Colleague: 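Structure below; questions to follow.
Quick caveat, the model's predicted, so the values are computed rather than measured. A, B, ... follow the sequence lines: proteins, then strands. Residue 1 opens every chain. Side chains are part of it too, since the values below use all heavy atoms of this structure and drop only hydrogens, waters and symmetry mates.
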Number of protein chains: 2
Amino acid sequence: MPHLLIKDLPRYECLIEASKRFPELNPSACEAFLHLLRAGDEAFVAMERNLTAHNISHGRFGVLMLLAQNCDDCGGTGAMTPAELADQTRVTRATMTGLVDTLERDGFVSRTVDANDRRMMRVCLTPKAHAFLEKLLPGHFQLMASLMAPLSQTERKTLVTLLNKVIQNAATLNSSPAQSTAAGR
Amino acid sequence: MPHLLIKDLPRYECLIEASKRFPELNPSACEAFLHLLRAGDEAFVAMERNLTAHNISHGRFGVLMLLAQNCDDCGGTGAMTPAELADQTRVTRATMTGLVDTLERDGFVSRTVDANDRRMMRVCLTPKAHAFLEKLLPGHFQLMASLMAPLSQTERKTLVTLLNKVIQNAATLNSSPAQSTAAGR
DNA sequence: GGAAAACAGTTAGGCGCCTAACGGTTAGCT
DNA sequence: AGCTAACCGTTAGGCGCCTAACTGTTTTCC
């Protein structure tokens with residue numbers, strides 16, 4: 001379930017030591033990177049454990065949340081196409097087909113063909129899904145709260161600010177074509 | 001490849017709005033949690049993109065790093081049993097079997113049976129693996145550095161401190177049998 | 001000495017995600 | 001009109017990770 005990630009993060013002195021062999025290794029950057037990876041993984045595992053206890057994968061949960069949000073916020077019908085869902089949840093359309101398949105099988109969503117464009121499908125939440133979320137979400141939110149409990153309000157704000165810088169930076173890095181560093185193969 | 005995670009993180013006002021319907025939702029905790037998940041995912045994707053460019057998965061990479069570390073630090077032979085590897089990389093022994101299988105197939109590790117206990121195997125890095133790491137690691141470290149570039153030295157320290165609090169807390173939460181209603185700590 | 005428990009590693013089967021290729025539908029061009 | 005390109009959703013096949021059950025080896029304890 002968890003991402004493979006070395007159990008004991010290396011001590012800072014080891015990073016400094018290693019930086020002598022590898023001049024490209026920036027100890028503070030490496031330390032921050034590894035801690036970020038680890039904390040994110042830990043948070044993910046905690047969340048997924050809670051979800052699997054309710055017999056739902058994080059993938060399917062993401063789809064339900066997205067549909068629910070679309071339903072509540074825009075006051076719309078809550079209907080979205082698979083392509084929209086795939087785009088906003090960052091999975092491929094092929095994966096979304098599988099997710100919607102199982103959600104439909106379990107009675108959480110319904111599929112209908114678009115009246116105007118027969119290529120498109122409309123995916124809608126069922127009442128059963130709304131009831132399911134209503135029962136699941138309180139525990140989900142409590143989990144977030146207890147995970148962030150050791151941080152004060154201002155610490156959380158600081159954390160968000162710092163993470164935002166990383167997110168923005170990573171977004172541009174990840175979208176750039178290729179930043180291959182080593183020359184050739 | 002990435003964890004499914006909603007593309008646009010909700011605005012803070014939306015969280016406050018949602019907290020009216022769900023009293024368990026703590027807006028600042030939720031915001032910090034989602035940003036952590038996203039930043040960790042972004043970092044993970046960046047790292048894995050770099051690794052797959054060298055035809056290695058993050059799972060196999062973790063095993064190689066662990067073996068290399070064990071070799072360098074302790075001055076030992078660098079030989080570890082699959083059970084040790086599985087324990088320290090946080091995957092099951094069954095998964096480790098598969099990882100070592102492919103690593104052995106590609107000539108990166110060798111398997112030998114322990115002389116004293118014929119139940120055990122000894123997994124060792126080959127010279128080919130050392131050469132491979134020597135070529136791969138500079139780019140790997142550069143990636144970390146460029147990802148953390150927007151943070152100053154002190155900001156990185158702050159980030160590590162905050163993340164450490166979360167990691168410690170999550171470790172106890174994840175190891176506990178079931179999460180309580182969390183009124184404490 | 002011999003049965004049973006404990007342990008190490010592997011195999012079998014499942015799930016989620018991916019990429020690549022496929023039929024069905026609409027829009028654009030000549 | 002008809003041919004083509006673009007698009008939507010789906011299928012097929014692969015990889016990594018999981019759990020559960022299995023094989024083989026050592027230890028334990030009568």
Colleague: What's the CZ-C1' distance between B:R90 and D:dC18, to the nearest Å?
Modeller: 15 Å
Colleague: Under 4.0 Å between a side-chain N/O of B:R93 and OP1 or OP2 of C:dT10, yes or no?
Modeller: no
Colleague: Write down the distance between CE (A:M121) and P (D:dT10), rounded to a whole number of angstrom.
Modeller: 5 Å
Colleague: Indicate yes or no: does A:R90 engage B:E42 in a salt bridge with an N to O separation below 4.0 Å.
Modeller: yes
Colleague: Distance check needed: C:dG14 P versus A:N55 CG, whole Å only.
Modeller: 17 Å
Colleague: Answer with base, sugar-phosphate or nothing: what part of the nucleic acid does B:D114 contact at a heavy-atom distance below 4.0 Å?
Modeller: nothing
Colleague: Counting only side-chain N and O atoms of A:T92, is one of them less than 4.0 Å from OP1 or OP2 of C:dC18?
Modeller: yes
Colleague: Do B:D8 and B:R38 sit within salt-bridge range, that is, some charged N less than 4.0 Å from a carboxylate O?
Modeller: no
Colleague: Verify the contact: side-chain N or O of A:T95 to OP1 or OP2 of C:dC18, cut-off strictly under 4.0 Å; return yes or no.
Modeller: yes
Colleague: Rounded to the nearest Å, what distance is computed from the CG atom of residue B:D101 to the P atom of nucleotide C:dT11?
Modeller: 7 Å
Colleague: Is any NZ, NE, NH1 or NH2 atom of the basic residue among A:R21 and B:E134 found under 4.0 Å from an Asp or Glu carboxylate oxygen of the other?
Modeller: yes
Colleague: Can you identify which nucleotide, out of D:dC7, D:dT10, C:dC17, has its nearest atom closest to the A:V91 side chain?
Modeller: C:dC17
Colleague: Can you measure B:L99 atom CG to C:dG9 atom C1' for me and round it to whole angstrom units?
Modeller: 14 Å
Colleague: Got a second to check how far A:M47's CE is from A:M144's CE, nearest 0.5 Å?
Modeller: 7.5 Å
Colleague: With respect to the side chain of A:M120, which nucleotide from C:dT11, C:dG16, D:dG9 is positioned closest?
Modeller: D:dG9
Colleague: Taking for each residue the nucleotide of DNA chain C with the nearest heavy atom, is it B:D117 or A:S57 whose nucleotide lies nearer the 5' end?
Modeller: B:D117
Colleague: Could you check which of D:dT26, D:dC17, C:dA20 has an atom nearest any side-chain atom of A:A94?
Modeller: C:dA20
Colleague: Could you state the CZ-P distance from B:R118 to D:dT27, rounded to the nearest angstrom?
Modeller: 13 Å
Colleague: Find the distance A:R119:CZ to C:dT25:P and express it as a whole number of Å.
Modeller: 10 Å
Colleague: Rounded to whole Å, how long is the line connecting atom CG of A:L103 with atom C1' of D:dG9?
Modeller: 16 Å
Colleague: Can B:R60 and B:D101 be counted as an ion pair, charged N to O under 4.0 angstrom?
Modeller: no
